Amino acid sequence: MQPFTEKVVQIIRIIPPGKVMTYGQIAKLAGNPRGARQVVRILHSLSRTYGLPWHRVINAKGEVAIHDEGQSNEQMSALKQEGIEFDEYDKVDLTIYRFDPEWNDVDLI
DNA sequence: TAAATGACAAGTG
DNA sequence: CCACTTGCCATTT
């Protein structure tokens, strides 16, 4: 497995309840600012086996990016249960709910 | 080994 | 704010 993939997994695992991260943000922290699409693939294929909080990962606009309706509804209710609120366009306020690791030493985790 | 894929991002008008 | 374009790159076909 690529180091990038492994880091992405590590990062997603540390997202606390009630907070979210964006694909691009995760990719950047994992060492590849252009790897947003790889994060997508990882969530798809590894979220189950690694028990990742996949529902806390959304796109840069603050929207749930799932195309499948059933799954997107599942993600939204999961986030609501953690205290995250959606506006009338089903978007979250990233200025409030975005998780910023600040102490950014992801390599140590 | 080459081509296609994707739950994206950032820029432009 | 919306529509559209371009860049992206690990994984899958």
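Computed from a prediction, not measured in an experiment: that's the story for all the values here. Chain naming here is simple, since letters A, B, ... match the order of the sequence lines and numbering starts at 1 in each.
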[atom1] of [X] versus [atom2] of [N]: gap in Å, rounded?
X       : N     : atom1 : atom2 : value
A:Ile26 : B:dA7 : CD1   : P     : 15 Å
A:Glu63 : C:dC1 : CD    : C1'   : 12 Å
A:Arg34 : C:dG7 : CZ    : C1'   : 8 Å

### Query
Given A:Ile58, which of A:Met76, A:Arg98, A:Lys91, A:Gln75 fulfils the side-chain contact (heavy atoms from CB on, under 4.5 Å) condition?
A:Gln75
### Task
Between A:Lys91 and A:Gln2, name the one whose nearest nucleotide on DNA chain C is closer to the 5' end.
A:Lys91
### Message
It should be established whether A:Thr5 places a side-chain nitrogen or oxygen under 4.0 Å from OP1 or OP2 of nucleotide C:dT11.
### Response
yes
### Summary
Looking only at B:dA7, B:dA10, C:dC8, the nucleotide nearest the A:Ala60 side chain is B:dA10
Tell me what [X] touches on the nucleic acid: a base, only sugar-phosphate, or nothing, going by heavy atoms under 4.0 Å.
X       : result
A:Gly35 : nothing
A:Gln38 : base
A:Asn32 : sugar-phosphate

### Task
State whether A:Glu82 and A:Lys19 are salt-bridged, where the test is any N-O pair (Lys NZ or Arg NE/NH1/NH2 against Asp/Glu carboxylate O) under 4.0 Å.
no
What about [X]: does its side chain form a donor-acceptor pair under 3.5 Å with the base of [N]?
X       : N      : answer
A:Arg41 : C:dT12 : no
A:Tyr23 : B:dA9  : no
A:His44 : B:dA7  : yes

